[in-house]
**Q** 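The structure is given below, and queries will be raised subsequently.
Not measured: the values here are computed from a predicted model.
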Amino acid sequence: WHQMLAYEKHGLLAKMELVKHPSNKQLTQIHATFTNSNPAPVTNFMFQAAVPKHAKLQINPPSSTTIPPSNSGFVTQIFRISNPMHDQKILSMRIKLDFDMNGAHTSDVVQLDGFPPGV
């Protein structure tokens, strides 16, 4: 397995743990964990992701749409990637986070290119 930092802005931290399927090297399960270091909770949280056309992505809903304040808890989300070109192309992913905090809405898009080979 491999762990990577996916997002660190606005007091939000997103870490991804990548686990390869033991018998199907095309499949990777990603367990994302989101924490909030702000004194106020993050509400209406939504995480979206997109992968290149050669790969497929299945996203499960988050464990909650509220991330507790002051790192007092976390939200998890699991998704699966099927990448038939895992041995030829390094995976990239575009992620989008939408959330509200202190009455303000934030929408942020980030390109993730730090995936290890073989994902």
Side-chain angles (χ1 to χ4, degrees):
W1 62 274
H2 179 83
Q3 202 169 48
M4 63 186 283
L5 182 63
Y7 187 84
E8 188 174 20
K9 273 199 216 170
H10 310 289
L12 282 187
L13 184 71
K15 291 182 181 172
M16 293 182 172
E17 184 177 294
L18 290 67
V19 180
K20 281 302 255 188
H21 191 281
S23 61
N24 185 343
K25 298 298 178 200
Q26 292 184 15
L27 298 179
T28 301
Q29 180 167 292
I30 299 177
H31 183 110
T33 304
F34 305 92
T35 55
N36 169 23
S37 63
N38 296 291
V42 164
T43 57
N44 299 316
F45 174 73
M46 188 166 69
F47 177 87
Q48 296 173 297
V51 293
K53 288 187 189 333
H54 69 268
K56 287 188 170 49
L57 178 66
Q58 175 195 350
I59 301 181
N60 292 345
S63 58
S64 175
T65 57
T66 300
I67 307 175
S70 307
N71 292 321
S72 62
F74 54 87
V75 167
T76 59
Q77 192 163 6
I78 294 175
F79 38 107
R80 293 172 186 83
I81 295 173
S82 173
N83 182 6
M85 302 184 81
H86 66 93
D87 55 349
Q88 299 162 39
K89 291 188 176 185
I90 301 279
L91 184 74
S92 63
M93 182 184 291
R94 185 174 294 259
I95 62 171
K96 181 180 182 196
L97 292 88
D98 284 290
F99 57 92
D100 297 326
M101 187 171 44
N102 291 327
H105 181 75
T106 299
S107 185
D108 205 359
V109 176
V110 176
Q111 178 75 23
L112 295 182
D113 293 316
F115 285 92
V119 171

**Q** Measure across Ala40 and Asn102 and return the closest heavy-atom pair with its distance rounded to 0.1 Å.
**A** CB-OD1, 3.1 Å
**Q** Do the non-hydrogen side-chain atoms of Phe79 and Met16 ever get within less than 4.5 Å of each other?
**A** yes
**Q** Tell me every residue that passes side-chain hydrogen bond (donor to acceptor under 3.5 Å, both in side chains) with Asn60, counting only those two or more places apart in sequence or in another chain.
**A** none
**Q** Evaluate the criterion side-chain hydrogen bond (donor to acceptor under 3.5 Å, both in side chains) for residue pair Asp98 and Ser107; output intermediate values, then yes/no.
**A** CA-CA 4 Å; Asp98 284 290; Ser107 185; 2.8 Å; yes
**Q** What are the two closest non-hydrogen atoms of Pro39 and Pro69, and how far apart are they?
**A** O-CB, 3.3 Å
**Q** Under 3.5 Å, side chain of Thr33 to main-chain N/O of Thr76, donor-acceptor pair present?
**A** no
**Q** If you compare all heavy atoms of Lys20 against all heavy atoms of Gln26, which two are closest, and at what distance to 0.1 Å?
**A** NZ-C, 4.3 Å
**Q** Taking side-chain hydrogen bond (donor to acceptor under 3.5 Å, both in side chains) as the test, write out the residues that go with His10, two or more places apart.
**A** none
**Q** Taking C-beta and beyond as the side chain, do Phe74 and Lys15 meet within less than 4.5 Å on heavy atoms?
**A** no
**Q** The criterion is salt bridge (Lys or Arg N to Asp or Glu O under 4.0 Å); which residues satisfy it with Lys89, sequence neighbours excluded?
**A** none
**Q** Given Pro117, which partner from the list Leu91, Asp87, Ile90 fulfils the side-chain contact (heavy atoms from CB on, under 4.5 Å) test?
**A** Ile90
**Q** If you define the side chain from C-beta out and look only at heavy atoms, does anything of Phe34 sit under 4.5 Å from Leu12?
**A** no
**Q** What are the two closest heavy atoms between Ser92 and Asp113, and how far apart are they?
**A** CB-OD1, 3.3 Å
**Q** A side-chain contact here means heavy atoms from C-beta on lying under 4.5 Å apart; do Met4 and Leu18 qualify?
**A** yes
**Q** For Leu57 versus Ala50, what's the shortest heavy-atom pair and its separation?
**A** CD2-N, 4.1 Å
